[in-house]
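Take a look at the structure below.
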Amino acid sequence: MLSNMETSSTSPTPDEAATALRQAESAGSALAGGLLLPAHFYSSIGTATAVQIGTAAAGIASQKAWGIGVAIAGVLVQFCVGGIQIARFRSLNGVRVRGFESRVVFGTANTASTVYGLAFGGAVWAAFIDAWWLVAVFAVLGGVGYAVGGQRWWRVYQRDPAGNSRGDSAVLFAVLLCAAVAGMLALLIGS
Amino acid sequence: MDDWDSTLQPPARLALMTMLTTVSRAEFVTVRDRLQVSDSVLSKHVSALAAVGYVKSHKGTHAGRRTTWLSLTSKGRSALSSHVSALRALIADVQ
C-alpha cells in the first residue's frame, strides 16, 4: 500500500530510493501486465480485415458504381469492429493505450501493415484476372497476417510498456487514412 | 542531486507517474485499485501533481457512468525521467 503523503526537501537515502524505484516499476509492470484483451479479439480483427480486403478487391475490379459501395462497406465493417474492440478494451481495463489502438487495431505495426499491403495488392490483382478463389486466399492471408502482426506488437508492448504505450500521432494517422482512401478511390474510378 | 524532485518523493506519486507511462490514460478507479489507496489519498496526490503540471485529469464517461481519466503530461514525463535518473545515480553512488 502506497499511501505515504509525506513530502520532504531532504533527498532520500539510497535504500529509500531503491525501494521507491522498485515499487514504482512494479506498479507500472503490474498495470501493463494485467491488461486483458477482449474475447475473440484477434479473430474478429483478422476476420474484419479479410472482409475489407476481399470487398475492396471485388469493388475495385468491378469498375462499376456498386463497387464503390461494396468497398466502402468493407471499410466500414473494419472500422466498426475496430471501434467496438477499442471500447471493449477500455471498458475491460479502465485504461486507454494509443499504441494498441493504432498499431494493433488499425494495423500500423510493421508486420501488420506490410502483410496487409501485400495481401491487398495480391487480392486486387487476383480480382482483375477473375481468380476469385485467389482473392479469398489473399484476403484470409491478409487477415491472419494483420492479427499476427498485432499479437507481435502486443508482446513487444508487454516487455516494454512505457516505451510502446504511445501510438502514432493523430496527424500521421489522418494522413495515412486520407492516402488510403484516395488510393482506393483512384483504383475504383481511375481505370 | 540536481534533478531530484521533491514533488515526486512520496512513493505513491512515483508509482502513479510510472503507471501512467505504461498507458495513454487511466481511469481514476483503476489507478486507485492498483495503488491500493483511498479516493481521498489519490485525489490529493493527483491534485499535487496536476498543480505542477505533471498530470492531467479530465472528466468523461465509462460504461455509462461519470469517471475521471488521468494522463501524464510531457512535462511530467520529462520530470519523471530526470527524477528516476537522479534516484539511480544516488543508488549507484553507494554501490
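First the proteins, then the strands, lettered A, B, ... as listed; each starts at 1. Given the structure is predicted, the values throughout are model-derived calculations rather than measurements.
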Spacing of L8(B) atom CG and R13(B) atom CZ [to the nearest 0.5 Å]: 8.0 Å
F120(A) and F138(A) aromatic centres sub-6.0 Å: no
Heavy-atom pairs under 4.5 Å with chain A, option from T22(B), L20(B), L14(B), V31(B) with the top count: T22(B)
Residue part contacting chain A, namely of T30(B), when any heavy atom lies under 4.5 Å: side chain
Inter-residue atom distance T67(B).OG1 - H58(B).NE2, 0.5 Å rounding: 9.5 Å
Contacting moiety of E25(A), where chain B heavy atoms sit under 4.5 Å: both
Pairs of heavy atoms under 4.5 Å with chain B: top-ranked of N164(A), V97(A), L31(A): L31(A)
Part of F100(A) within contact of chain B (heavy atom distance under 4.5 Å): neither
Plane angle bin for F89(A) and W154(A) - parallel if under 30°, tilted between 30 and 60°, otherwise perpendicular: perpendicular
Separation of L70(B) CG from M19(B) CE (nearest 0.5 Å): 9.5 Å
Proximal component of R88(B), with respect to chain A [non-hydrogen, under 4.5 Å]: both
Chain A contact via R25(B) - which portion, at a heavy-atom distance below 4.5 Å: both
Check ion pair R34(B)-E27(B) (N to O, under 4.0 angstrom): no
T13(A) portion near chain B, given a 4.5 angstrom heavy-atom threshold: backbone
